[in-house]
Amino acid sequence: MVTTHEEIVKDVAKLKRRPNLESWARLRESWSWDDVTRELDLPGGMYNLGHECIDRHANGANANKPAMIWQSAGGALETYTYAQMKAESNRFANALRQLGVQKADRVFFFSDRIPELYFGVFGTLKAGAIVAPLFSAFGPEPVKERIQRAEGSVIVTTPKLLPKVNAIRKELKSLKHVIVIAHREGGKVADGDLDFKQLTEAASTDFDVVKTGPEDWSVMHFTSGTTGLPKGAAHVHNAVIGHYATGRYVLDLHPDDIYWCTADPGWVTGTSYGMFAPFSNGVTSVIDEGGFGAKRWYEVIQRHKVQVWYTAPTAIRLLMKAGAKLPREHDLSSLRYVMSVGEPLNPEGVVWGLEAFDLPIHDNWWQTETGAIMIANYPSMPIRPGSMGRPFPGIDAAIIDDQGREIAEPMVEGVLAVKPGWPSMFRTYWNDKERYDSRFQNGWYITGDKAKRDGDGYFWFVGRDDDVINTAGHLVSPFEVESCLIEHEAVAEAGVIGKPDPTAMEIVKAFVTLNDGYSPSEELRRQLIRHCRERLGAGTAPREIEIIERLPKTRSGKIMRRLLKARELGLPEGDTSTLEED
Ligand code: ATP
Ligand code: MG
């Protein structure tokens, strides 16, 4: 990795709070999944995400502690304690039971971030059914496609989103019940549909949690669709061990923390880290119904005195675009620790945190399939900007070659792989076992990402397997080129692809968007090419640069390089169900 940024060393004694993980090496050496499992409450061998996240706190000293501080899009607040969360989720679990929902039935959630979504998810888990989240901005087709693939029997939605369900309803043979959360928006629920409020108000606040075992299904998440058709990764209740452990040691959650995860529960970060990790650790979560806005976000941190903040590179790049002055105009002194996931975090983003918050941003890596964080930077560990960090203490990660053999030499590029057996690992792609099986080779889970590992065990992201560029016989990491481009003051974001070329096989082509105050010109384009040549060398620097208005991204904020490429080459765009709209 070519980087102009030096290692960020930490003085652990000076951190605002003594971290749960004081020494990565020591915890790794002594790590035992059994030990962490003993910190959970598994009555009679029951593993249940709903019990573990909600009931065990509601039944103990945390009963009256706020689990969730919800802020509506308009700014109104509602607070729910663990005891209230237990009562509300129990009502929903009873309602499902009355409807005849059985263990492992698929219950879809298609809603904005409102409290009922959270009650519903935990109620479903306690009822032993499978939670299947859908992102609220999906149109009818992606909703239909996913429900069909999973043979969902229930969908929970809102009046605003209901027309999208109605448009496809006739084609959904498996769908038995449509539950509408109508009371917040007002309006009547149509005949044949069920009213969330009526259903739950009539139900008891007591519920005997279904005795799910560690290998019973819990959540099914569709992947982001960055590289192609989204896959339905199915998880089991055992995953809670991973959520709890990474919540404790990566998120560094302490009992009185106020925590904010900005991800939407339509994506795995919004459930694993917007629900399961914070609640299983018994902390208070802030949930903001509103969307991204630099000012709004700083106000959320200031208003709720957020201490631990988990967000994404796309948001960080937008905050960077809005400048480092804005955060300085807010009181963000409560912040202790900032993390990012979802895409590679450019070194520029890591150090920008120092400028804006006096805190570096900690990158970590995982996927829908892994269910929980696998590789991370930790509060007590030095950061090498541009690196995803080191494997979680209970995780073995490696770089392997095409034959599935581990590559021992440092900084050699290969496929990022993880040793199977971690608690939150997905157990199948729903109705696609063949694809699932194809992800395992030689005793490794193949992640589909390319990376390298340095001599000290830090992992460096190179690119998606399909995105790595082969130009004139050498491999170029799109991430490295993108990071170099955004170091230039004019560039806000960059997406880099390999463009087929008769002599070089591929050439490096970059698409960039500009920061406010800069406009496209031939001179700027040439300047950017020069900037990259100086830093990366002529072989790696982009041969072509195109300045565009915006980059195609998934709704979870990831740059879709496959679309940049398809558009460049005039090829079909493939599945665009998760494409962010204009
Ligand atoms: P699909 O599998 O449908 O193409 P996706 O891979 O984007 O979509 P997710 O499971 O949401 O779906 O994302 C996981 C992927 O995101 C990782 O495999 C990796 O490519 C990327 N990613 C996540 N975190 C990081 C990170 N810290 N650094 C680099 N890449 C990351
Ligand atoms: Mg993927």
Side-chain angles (χ1 to χ4, degrees), residues 1 133 135 142 145-146 149 219-235 246 250 263-273 310-316 339-347 349-350 361-377 383-392 397 415-418 424-426 429 432 435-436 438-439 445-452 458-468 477-480 482-483 552-563 574-580:
M1 181 79 206
F135 187 52
E145 209 272 325
R146 284 162 180 75
R149 235 181 322 146
V219 179
M220 175 171 12
H221 255 296
F222 288 87
T223 58
S224 292
T226 315
T227 55
L229 188 68
K231 307 160 278 271
H235 292 90
T246 51
V250 184
D264 188 272
W267 313 110
V268 73
T269 308
T271 53
S272 287
Y273 293 98
Y310 196 12
T311 188
T314 180
I316 293 164
M339 288 160 291
S340 157
V341 74
E343 278 192 297
L345 179 61
N346 315 91
V350 178
I361 298 174
H362 293 72
D363 186 21
N364 54 60
W365 178 95
W366 60 291
Q367 316 176 296
T368 308
E369 290 88 342
T370 69
I373 297 167
M374 296 284 107
I375 297 177
N377 285 285
I383 297 178
R384 300 186 173 172
S387 162
M388 321 189 273
R390 286 158 150 171
F392 186 73
V415 178
L416 177 61
V418 183
S424 62
M425 188 177 101
F426 72 138
Y429 286 128
D432 197 353
R435 186 188 286 270
Y436 176 77
S438 75
R439 298 294 292 264
Y445 163 66
I446 311 297
T447 67
D449 288 343
K450 283 227 156 88
K452 38 196 178 182
Y458 280 78
F459 282 74
W460 300 77
F461 186 78
V462 171
R464 308 283 189 140
D465 212 353
D466 300 343
D467 290 341
V468 174
S477 150
F479 170 53
E480 190 169 1
E482 288 160 11
S483 289
K553 287 187 189 170
T554 65
R555 293 180 192 277
S556 51
K558 297 162 190 263
I559 298 167
M560 290 171 100
R561 294 175 193 80
R562 71 175 162 99
L563 272 197
D575 183 85
T576 52
S577 65
T578 64
L579 176 67
E580 187 183 64

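This one's a predicted model, so the numbers in the text were calculated from it and none came from an experiment. Whatever order the structure lists them in is the order used to number ligands and atoms, beginning at 1.
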inquiry  = Could you check whether any heavy atom of Thr447 sits closer than 4.0 Å to an atom of ligand 1, since that is the contact criterion I want to use?
reply    = no
ask   = Just going by heavy-atom distances, which of Ile375, Thr368, Val341 is nearest to atom 9 (P) of ligand 1?
value = Thr368
remark   = among protein heavy atoms, the one nearest atom 12 (O) of ligand 1 is Ser224 N, 3.2 Å
task = Specify the protein heavy atom at minimum distance from atom 6 (O) of ligand 1: its residue, its atom name, and the distance to 0.1 Å.
result = Arg464 NH1, 2.7 Å
query = Less than 3.5 Å between some nitrogen or oxygen of Pro230 and one of ligand 1, yes or no?
reply = no
inquiry  = Determine whether Met425 and Met374 satisfy the following criterion, side chain to side chain contact (heavy atoms under 4.5 Å, CB included), listing intermediate values before the conclusion.
reply    = CA-CA 10 Å; Met425 188 177 101; Met374 296 284 107; over 6 Å; no
request  = Starting from atom 4 (O) of ligand 1, locate the nearest protein heavy atom and write down its residue, its atom name and how far away it is, to 0.1 Å.
outcome  = Thr227 OG1, 2.4 Å
message = Between ligand 1 and Gly448, can you find any atom pair, the residue atom being a heavy atom, that is separated by under 4.0 Å?
response = no
message = List ligand 1 atoms under 4.0 Å from Asp449, heavy atoms only on the residue side.
response = 17 (C), 18 (O), 19 (C), 20 (O)
ask   = Which residue and non-hydrogen atom of the protein lie closest to atom 26 (C) of ligand 1, and at what distance in Å?
value = Glu343 O, 3.3 Å
note = dist Phe459:CZ -> Asn377:CG (nearest 0.5 Å) comes out at 12.5 Å
ask   = Which atoms from ligand 1 have a heavy atom of Asp363 less than 4.0 Å away?
value = 26 (C), 27 (N)
query = Contact between Lys231 and ligand 1, counting heavy atoms under 4.0 Å?
reply = yes
request  = With sequence neighbours left out, write down each residue that passes side chain to side chain contact (heavy atoms under 4.5 Å, CB included) with Ser438, or none if nothing qualifies.
outcome  = Arg435
Separation of Arg439 CZ from Gln367 CD (nearest 0.5 Å) = 6.0 Å
query = Of all the atoms in ligand 1, which lie at a distance below 4.0 Å from a heavy atom belonging to Asn364?
reply = 24 (N), 26 (C), 27 (N)
Side chain to side chain contact (heavy atoms under 4.5 Å, CB included), paired with Ile446, selected from Asp465, Val415, Val418 = Val415
inquiry  = Would Phe479 count as a contact residue for ligand 1, given that I'm defining contact as a non-hydrogen atom of the residue lying under 4.0 Å from a ligand atom?
reply    = no
request  = Please confirm whether the backbone N or O of Leu579 pairs with a side-chain atom of Thr576, one donor and one acceptor, at under 3.5 Å?
outcome  = no
note = The atoms of ligand 1 lying under 4.0 Å from a heavy atom of Thr226, numbered in the order shown, are 1 (P), 3 (O), 4 (O), 5 (P), 7 (O), 8 (O)
task = Start with the C-alpha gap between Ser556 and Thr554, add the side-chain angles, then the distance that decides, and say whether side chain to side chain donor-acceptor pair (under 3.5 Å) holds.
result = CA-CA 5 Å; Ser556 51; Thr554 65; 3.1 Å; yes
query = What protein heavy atom is closest to atom 29 (C) of ligand 1, reported as residue, atom name and distance in Å?
reply = Pro344 N, 3.2 Å
ask   = Checking side chain to side chain contact (heavy atoms under 4.5 Å, CB included) for the pair Trp267/Phe222: CA distance, chi angles, key distance, verdict?
value = CA-CA 8 Å; Trp267 313 110; Phe222 288 87; over 6 Å; no
ask   = Just going by heavy-atom distances, which of Gln367, Lys558, Met560 is nearest to atom 13 (O) of ligand 1?
value = Lys558
key: Ion pair check, Glu482 and Arg561, cut-off under 4.0 Å   = yes
Interatomic distance, Met388 atom CE to Leu345 atom CG [nearest 0.5 angstrom] = 12.0 Å
query = Tyr445 and Tyr436: aromatic ring centres closer than 6.0 Å?
reply = no
query = Below 3.5 angstrom, do we get any N/O pair linking Gly342 and ligand 1?
reply = yes
ask   = Nearest protein heavy-atom contact for atom 25 (C) of ligand 1: which residue, which atom, what distance?
value = Trp365 CD1, 3.5 Å
